[in-house]
Amino acid sequence: MNRRNFIVSSVMGAGALSMFPTSALASNNGISLEKIGSGFGRLLNNVNAISISNLSSGVAKTHQRLAIALNDSGYLYNATEVVQLSNSCYAIPLHKKPMLGFESKELALIVKHDGVSKFYILNEKLTNEFNGLIETFSQNLESHELNLDAASFAFPVKVVQQQQGRETIFAYQNKFNNTIALKSTRKKSEVHLS
């Protein structure tokens with residue numbers, strides 16, 4: 001094959017690939033909660049995987065709306081089950097496998113408060129901060145030999161604020177009425193407790 005034919009066939013092949021949706025080329029399998037981070041791995045004995053068919057009707061409807069948003073955004077996830085973090089919070093581990101670049105690991109949460117459930121998608125920075133919060137709190141409990149429930153501290157009971165934009169914020173209250181704010185900007189991310 002001469003050089004001209006090679007260049008033409010390469011350009012046509014790249015053009016054909018660009019017309020395929022990335023989800024057709026990527027794996028359709030979801031990831032587990034522990035693959036998102038070691039903090040979530042520490043709490044695996046406190047959480048349960050639940051089939052979508054076993055969710056209450058309000059949470060199931062919220063999951064349907066979430067699934068539409070996730071599919072539109074090109075996320076890969078397990079569509080048949082959610083992870084129940086608490087009586088009022090469910091998690092769906094997400095990931096994207098772009099054609100070029102690194103795989104992102106994110107988290108969708110469904111939080112039920114006062115009989116109403118809503119979904120929230122935490123970007124990769126907020127997911128890492130959430131994982132770090134769980135990891136740090138669990139390590140502190142172990143080092144001080146305290147018998148407290150890390151899941152009750154870390155998982156949302158009520159969402160106070162969600163903001164997207166220059167500064168992304170996900171603020172929530174836990175079972176102990178502490179307000180935990182996960183914040184990220186382009187340059188940094190952090191957790192605030194109050």
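Sequence positions, counted from 1, serve as the residue numbers for this chain.
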Side chains of Tyr77 and Asn71: is there a donor and an acceptor less than 3.5 Å apart? yes

Any luck finding a side-chain donor-acceptor pair between Ser184 and Ser189 under 3.5 Å? no

From [atom1] ([X]) to [atom2] ([Y]), nearest 0.5 Å:
X      : Y      : atom1 : atom2 : result
Leu109 : Leu85  : CG    : CG    : 7.0 Å
Ile36  : Glu124 : CD1   : CD    : 9.5 Å
Ile31  : His95  : CD1   : NE2   : 5.5 Å
Glu106 : Asn123 : CD    : CG    : 6.0 Å
His63  : Phe119 : NE2   : CZ    : 10.5 Å
His192 : Leu133 : NE2   : CG    : 12.5 Å

Taking [X] for its side chain and [Y] for its backbone only, find out whether a donor-acceptor pair lies under 3.5 Å.
X      : Y      : value
Thr168 : Gln164 : no
His144 : Asn140 : yes
Asn178 : Gln173 : no
Thr127 : Leu122 : yes
Ser38  : Gly41  : no
Thr62  : Gly58  : yes
Ser73  : Leu70  : no

Residue pair [X] / [Y], side-chain heavy-atom distance below 4.5 Å:
X      : Y      : answer
Tyr90  : Val83  : no
Leu66  : Ile92  : yes
Leu43  : Ile134 : yes
Phe153 : Lys175 : no
Val159 : His113 : no

Do you know the tightest heavy-atom contact between [X] and [Y]?
X      : Y      : value
Asn174 : Ser152 : CB-O, 3.6 Å
Glu135 : Gly39  : OE1-N, 3.2 Å
Leu107 : Ala91  : CD1-CB, 4.0 Å
Val111 : Pro156 : CG2-CB, 4.2 Å
Arg42  : Ser138 : CD-CB, 3.5 Å

Are more than 12 heavy atoms from other residues, nucleotides or ligands located less than 6.0 Å from atom [atom1] of [X]?
X      : atom1 : value
Phe176 : CZ    : yes
Lys125 : NZ    : yes
Asn87  : CG    : no

Quick one: are the ring centres of Tyr172 and Tyr120 less than 6.0 Å apart? no

Linking I/L/V/M/F/W/Y whenever their side-chain heavy atoms sit closer than 4.5 Å, directly or via other members, would [X] and [Y] fall into one cluster?
X      : Y      : value
Phe137 : Leu44  : yes
Val160 : Leu182 : no
Leu146 : Leu193 : yes
Val157 : Val82  : no
Ile121 : Val116 : no

Scan residues 146-172 for pairs that pass salt bridge (charged side-chain N to carboxylate O under 4.0 Å, His left out), counting only residues two or more places apart or in two chains.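 Those involving residues 146-172 do not exist here.
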
Determine whether Glu34 and Phe40 satisfy the following criterion, side chain to side chain contact (heavy atoms under 4.5 Å, CB included), listing intermediate values before the conclusion. CA-CA 5 Å; Glu34 66 185 327; Phe40 291 110; 5.6 Å; no

Please evaluate residues Phe130 and Phe155 with respect to the criterion side chain to side chain contact (heavy atoms under 4.5 Å, CB included), reporting the C-alpha separation (whole Å), side-chain torsions for both, the decisive distance (0.1 Å), and the verdict. CA-CA 9 Å; Phe130 193 34; Phe155 298 144; 3.9 Å; yes

Under the criterion side chain to side chain contact (heavy atoms under 4.5 Å, CB included), I'd like the reasoning laid out for Ile50 against Glu81: C-alpha separation, chi angles, the key distance, then a yes or no. CA-CA 5 Å; Ile50 296 180; Glu81 66 182 23; 6.0 Å; no

Between Lys105 and Glu103, does any NZ, NE, NH1 or NH2 come within less than 4.0 Å of an OD or OE carboxylate oxygen? no

